[in-house]
Amino acid sequence: MQENNQSKLEFIALMASLMSLVALSIDALLPALEHIGISINVQESSNDSQLLVTMIFLGLGFGQLTSGPISDTLGRKPVIYGGFVLFVIASFICVSATSLEMMVVGRILQGIGLSAPRTISIAMVRDSFSGNYMAKIMSFIVVIFILVPVVAPALGKIMLDAYGWKSIFYSQLIFGVLVMFWLWKRQPETLKEENRIKFSFGLFSDGLKEFIKYKQATVFTIISGFITGSFMVYLSASQQIFQEQYLLVDEFPFIFAGLAISVGFATFLNGSFVMKFGMHKLVSFFLIVFTLVPLIYVALFYQKENPSITILLVFFALQFFSIGFLFGNLRALAMQPVGHIAGIGAAINGFVSTIMAVPIATVIGRFVSTTTLPLFIGFFICGALSLALVNLTKLKQAN
């Protein structure tokens, strides 16, 4: 696996940093959405500002279709470098944007560029580990990854107030350059020469055929789409909920950080729990929690005004605590049977879950204007569909 001069701890930190480029590009921008909207002449509509979040996910989804398969041929590291170069170009497009359309193009290209470090970091984990231990490593990576949403909105707010919204993009570039240097200097290539697949235009289609042969990979990828979609609604609408519905403009970064800690704490616990209970049991249990929490919220506040901020935060914290046990385990369960095509497998997993998530987030997000109720209805529907899929596969496995 890793060479002796690199510890498992450093490997975890580096993979988390690669994934964190995505989180930083999304979460640091949240406090600045209104200012960016004014700068690029967006009309008084918060729903249009949500596009700056959802469109980067669209780019992430489609970008994985190329970055994952190509990394199975060329190796992991060269493709990550190429993706970062595209991210740099896209960032300058965003900084220069004078219209919503130009900004959206920049955000989509940013997503395509960032799809390389995001997808390939997962493939590198799969190259190096397997089974419940892989899930444990993924949990620790996600814990560090979660620290970025904890601090990113606050950092974004500081940069916004001191230097304007463009400085947020420049700070992301500086962080990215440092991570790329770290990757080049310290991380050995994880895909051995003998395991590389000769490139062909049928590489992805052949990989897709291989992927869907494994029921476990397919089902848990679809469930990842439902969970990611419902969470993406929160990401894109959180600024609107806290700053406009609750008028908590200055408090928003700290509220966002506190809720991110809820996800991080659960993910940290998962690192230990997964070795004791296994991935499948944890996913089954916390999907029930994920579905019941919004059902209770909808029952209590249907056709009523928003509850107090304290009650809302309690429900959000419970929801995100369950998500902390789902993200890493769902991805590990999907990747477990496809280690022999880890790059393509990670690409398909990421593509399907993201492409499912974007329309889910876009549709539900349109209703989150004066109340948080549509968000919780979305959580419930996504959870219920996921539970149905898990139970369906259990029945088939038992037969």
Side-chain angles (χ1 to χ4, degrees), residues 46-47 50 53-54 57 219-242 245-246 255-256 258-260 262-263 266-267 270 280-331 333-334 352-395:
S46 297
N47 290 334
Q50 291 181 20
V53 176
T54 54
F57 281 99
V219 167
F220 286 109
T221 294
I222 293 171
I223 293 173
S224 290
F226 286 129
I227 304 304
T228 304
S230 59
F231 187 66
M232 197 189 296
V233 183
Y234 165 75
L235 281 180
S236 60
S238 59
Q239 177 263 347
Q240 183 182 354
I241 290 171
F242 295 119
Q245 293 185 20
Y246 282 88
I255 293 172
F256 194 90
L259 291 172
S262 176
V263 181
T267 309
N270 184 68
H280 204 289
K281 283 186 178 178
L282 287 175
V283 164
S284 298
F285 177 79
F286 281 100
L287 275 178
I288 294 172
V289 177
F290 181 89
T291 308
L292 282 179
V293 169
L295 181 62
I296 295 169
Y297 184 93
V298 172
L300 289 175
F301 302 108
Y302 184 69
Q303 291 187 332
K304 295 180 181 178
E305 292 184 356
N306 279 339
S308 70
I309 187 63
T310 303
I311 293 174
L312 178 69
L313 290 179
V314 168
F315 275 94
F316 270 148
L318 290 171
Q319 195 72 21
F320 299 152
F321 185 76
S322 64
I323 286 176
F325 280 94
L326 293 174
F327 272 155
N329 287 329
L330 285 170
R331 180 144 290 186
L333 280 166
V352 174
S353 60
T354 306
I355 293 306
M356 283 180 62
V358 169
I360 289 171
T362 303
V363 171
I364 299 173
R366 291 288 171 184
F367 294 97
V368 184
S369 54
T370 58
T371 173
T372 59
L373 190 68
L375 177 55
F376 283 92
I377 292 174
F379 279 138
F380 171 71
I381 292 172
C382 291
L385 291 172
S386 300
L387 274 176
L389 272 174
V390 168
N391 289 326
L392 181 65
T393 54
K394 275 185 179 179
L395 288 172

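Because the structure is predicted, anything quoted here is derived from the model rather than measured. Hydrogens, waters and symmetry mates play no part in the numbers below; they use all other heavy atoms, side chains included.
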Phe379/Tyr234 aromatic ring centres below 6.0 Å: no
Met232 side chain reached by Val358 side chain, heavy atoms, under 4.5 Å: yes
Thr228 side chain to Gly225 backbone, donor-acceptor under 3.5 Å: no
Inter-residue atom distance Leu313.CG - Phe242.CZ, 0.5 Å rounding: 5.5 Å
Expected output: side-chain Gln240 to main-chain Val368 donor-acceptor under 3.5 Å: yes
Sub-4.5 Å side-chain heavy-atom contact between Gln245 and Thr370: no
Under 3.5 Å donor-acceptor, Thr291 side chain and Gly383 backbone: yes
Non-hydrogen side-chain atoms of Phe290 and Ile323 separated by less than 4.5 Å: yes
Note, Ile377 side chain near Pro294 side chain (heavy atom, < 4.5 Å): no
Centroid separation Phe285 to His280 less than 6.0 Å: no
Atom pair CG/OG of Leu375 and Ser230 - distance to nearest 0.5 Å: 8.0 Å
Side chain Asn270, main chain Ala266, donor-acceptor under 3.5 Å: no
Contact check, side chains of Leu287 and Ile227, non-hydrogen atoms, under 4.5 Å: yes
Reported CZ-to-CG distance for the pair Phe226 and Leu385, which is rounded to 0.5 angstrom: 4.5 Å
Separation between CG of Leu330 and OG of Ser353, rounded to the nearest 0.5 Å: 9.5 Å
Ring geometry between Phe301 and Tyr297 (parallel below 30°, tilted from 30 to 60°, perpendicular above 60°): tilted
Nearest heavy atoms of Leu300 and Lys304, plus distance in Å: O-NZ, 3.3 Å
Approximate separation, where rounding is to 0.5 Å, of Leu318 CG and Ile296 CD1: 8.5 Å
CZ-CG distance between Phe376 and Leu295, expressed to the nearest 0.5 angstrom: 12.0 Å
